[in-house]
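What's counted below: heavy atoms across the whole structure, side chains too, no hydrogens, waters or symmetry copies. It should be emphasised that the depicted structure is a prediction, and the values quoted were computed from it without experimental measurement. Convention: sequence-line order gives letters A, B, ...; per-chain numbering from 1.
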There are 2 protein chains.
Amino acid sequence: MALYVMKFGGSSVGDTERMKRVAKRIAEKQDEGHQCVVVVSAMGDTTDDLIDQAKLLNAEPPAREMDMLMTNGEQISIAMLSIALHAIGRKAVSYTGWQAGFRTEPVFGKARITDIRPEKVKQSLEDGAIVVVAGFQGMTEDGEITTFGRGGSDTTAVALAAAINADVCEIYTDVDGIYSTDPRIVKCARKLSEISYDEMLELANLGAAVLHPRAVEYAKHHKVRLVVRSSFTHNEGTVVKEEVSMEQGVVVSGIAYDKNVARISILGVSHVPGVLAKVFGSLAEAKIDVDIIVQSGVLDGKADFSFTVALSDREKALNVIEGLRSDLPFSEVNSEDNLVKISIVGAGMVSHPGVAAQMFDVISKEGVNIKMVSTSEIKVSCVIDGDKLGEVIKALHTAYQLDTEEQVFVGGPKDRR
Amino acid sequence: MALYVMKFGGSSVGDTERMKRVAKRIAEKQDEGHQCVVVVSAMGDTTDDLIDQAKLLNAEPPAREMDMLMTNGEQISIAMLSIALHAIGRKAVSYTGWQAGFRTEPVFGKARITDIRPEKVKQSLEDGAIVVVAGFQGMTEDGEITTFGRGGSDTTAVALAAAINADVCEIYTDVDGIYSTDPRIVKCARKLSEISYDEMLELANLGAAVLHPRAVEYAKHHKVRLVVRSSFTHNEGTVVKEEVSMEQGVVVSGIAYDKNVARISILGVSHVPGVLAKVFGSLAEAKIDVDIIVQSGVLDGKADFSFTVALSDREKALNVIEGLRSDLPFSEVNSEDNLVKISIVGAGMVSHPGVAAQMFDVISKEGVNIKMVSTSEIKVSCVIDGDKLGEVIKALHTAYQLDTEEQVFVGGPKDRR
């Protein structure tokens, strides 16, 4: 007998038929002799519908009240799933985030978990029940309802798995597992049987929207064994864990991309100490996340530098820079979108020099310009023209020997909460 | 400055436009210098929609999970209303039932309130906020979410008004107040400026579906001043309170009716002690509410008796009676529907003999048979053929001098949670 935490995203429980299928799936697990704690997201578009309705009332609804509103999506889901489990003769008990013991910081919309007191969950497991827990939500010590922000249900599942010492945390989604790259672009993408937390973190951060990075970090920190698998098939998924048996010659495990990229360049900046600190300090104050930063060489005491931000932050970032013009003379600021950041990720990279060079070579052979580069121990990222995404990813996938014989046909990662 | 509890039913907050109107209404009250605590029901058909969806999963969903499901209706409402109040520049805070301090028995679907600990509500009032509380719901001492059943939001409003010592508890609904009878049937029905708790209780119990009897009982017990008024107009409503200034010559305050009536008759029952106890004990065990009970005279040691139950309980009641056949020989059992119970209610009746006789006289002059009669200190009820409802009510309304000059055009009482 093992203790499983099973997380189902919004598209897996999108309607009553899917809800029934999920209930059956859980019952199968119980019939195999296991204990089950299930974490669910809101059904399908429920949360978006609630947000849309709130916006009709108030273009800028207060965060506290939005949390009060949005937590209903998950609370409806847990009740429905529990009701569906009872319909097939299973004992099931649903708990909201606060009932399951999730305590958070007093921050609305993106609270971090401070403590988990899963007494009710443990008691119900002892009573032989399937426990259904609302993802994405908790309560402050003062009894205020909070949400975790994007990827919150993944985090609920992983954190609960750690708190109750579960043997496995399974993330059920609408893809079969973690792929070497997006199967919508590369038909012969390879499903990975396993991947390390660090690689998964890079892939998750880089836009492979199957697992939220925060959940992966939590899993890494608490050594929770994660499995990403499909809620629609019984195929084996991808195991995410600490140490991964290195396959022969595999240096690059996966290729991720991110279209949500804008480049901003500031040209002709006087090269005095503190310039970078001033620019990026101001951007941080405006809560703009900056990703890649590149500075050119200095010419005549002037430097150019470029950085990337999320597309939605582009205008805001340009305004921040304009606001610095008096303090920080520069000759020009410009920006560019329709870009894509492509990243190769692999734990084996550390011991294989020349991986980055090979990447640049493959891209240039496709006749594509590399606009920016960024590296870490286990990844190399290049920003290129967005129109070249498909051909570059395919070429890299082949170059790093990731192609498989089988072709994959899936809708792609969509299950986002 | 007074402290108001304002309760808005589901149809008053049925969509975002109505929600905005309610927010404006509350703001007006605040602008008059008052403190406002607002209790809301679920928006429009939200609760019914949730129930329908649950039934697709499970024809007999467990009560605990239905409470988990249905409480979302009110939680969505409070968030939306608070968001709408913020949109017009008001400080507002929403609280679920458990956050507002409602503690209940550990019973799902129809829990009774055991305690109210309104610290958060009081604190937010002190902070100058409008407090928006979810009706119809509470929490057990064990942290289980419960609902109060039908009329639950009225009860929330009244109980909270008592707990925070509010000056007035206003029940906003889709009618202007309490009428002498249903204005859909009698166009010249009179709006009552005031009515006693006891009269209201009789009217509420008798199917005048504006205020739930449980809420009226609570108000009577805690001496909460109730006002029933329209959420769509600024007309003065009806005050429900302990003592009512008796208008000259007014013996009957209102006429109610209830179509949800079935008659069951058991004929030729051996008239031995304990027969009635056995029959009605068995019906009570089966949780069937019996209303009027009439026993005929005894002939040859045999008696006939009749009673009324809700239409939905008719088949169940007949089965219970059939199950008693061996214990309790009777010659025949029969039942009848398409009935209506018409009741005249008035605190002044006690001191005016002959009111019942007048009622029978009016009904017989309409050529209508009276099938059953029941009386209390302040009401007389007659069960008649359902098809005669309109003419009998009109005749009684005129006979008891309740007709007014103005004609009322309203949709009638519909706002039921």
Can you name the nearest heavy-atom pair linking Ser82(B) to Glu65(A), along with the distance? OG-CD, 2.9 Å
Lys120(B), NZ atom: more than 12 neighbouring heavy atoms under 6.0 Å: yes
Given 3.5 Å as the limit, does a donor-acceptor pair link the side chain of Gln75(A) with the main chain of Met68(B), or not? yes
Side chain, backbone, both or neither: which part of Glu17(B) has a heavy atom under 4.5 Å from chain A? neither
For the student: nearest non-hydrogen atoms of Leu57(B) and Ala87(A), plus distance: O-CB, 3.2 Å
Among Ile78(A), Asn72(A), Asp142(A), which residue has the highest count of heavy-atom pairs closer than 4.5 Å to chain B? Asn72(A)
Most heavy-atom pairs under 4.5 angstrom with chain A, which of Ser77(B), Ala84(B), Pro62(B)? Pro62(B)
Tell me the residues of residues 89-109 of chain A whose non-hydrogen atoms fall below 4.5 Å from those of chain B, in number order. Ala92(A), Val93(A), Ser94(A), Tyr95(A), Thr96(A), Trp98(A), Gln99(A)
When Leu50(A), Leu69(A), Thr71(A) are compared by non-hydrogen pairs under 4.5 Å with chain B, the top option: Leu69(A)
Calculate, to the nearest 0.5 Å, the distance between atoms CG and CE belonging to Asn58(B) and Met80(A) respectively. 11.0 Å
Atom OG1 of Thr16(A) and atom CG of Asp52(B): how far apart are they, to the nearest 0.5 Å? 11.5 Å
Between Met19(B) and Gln53(A), is any pair of side-chain heavy atoms under 4.5 Å apart? no
Under 4.5 Å to a heavy atom of chain B? For Ile88(A) that would be neither
Please rank Glu144(A), Arg64(A), Met139(A), Lys20(A) by heavy-atom pairs under 4.5 Å with chain B and give me the top one. Arg64(A)
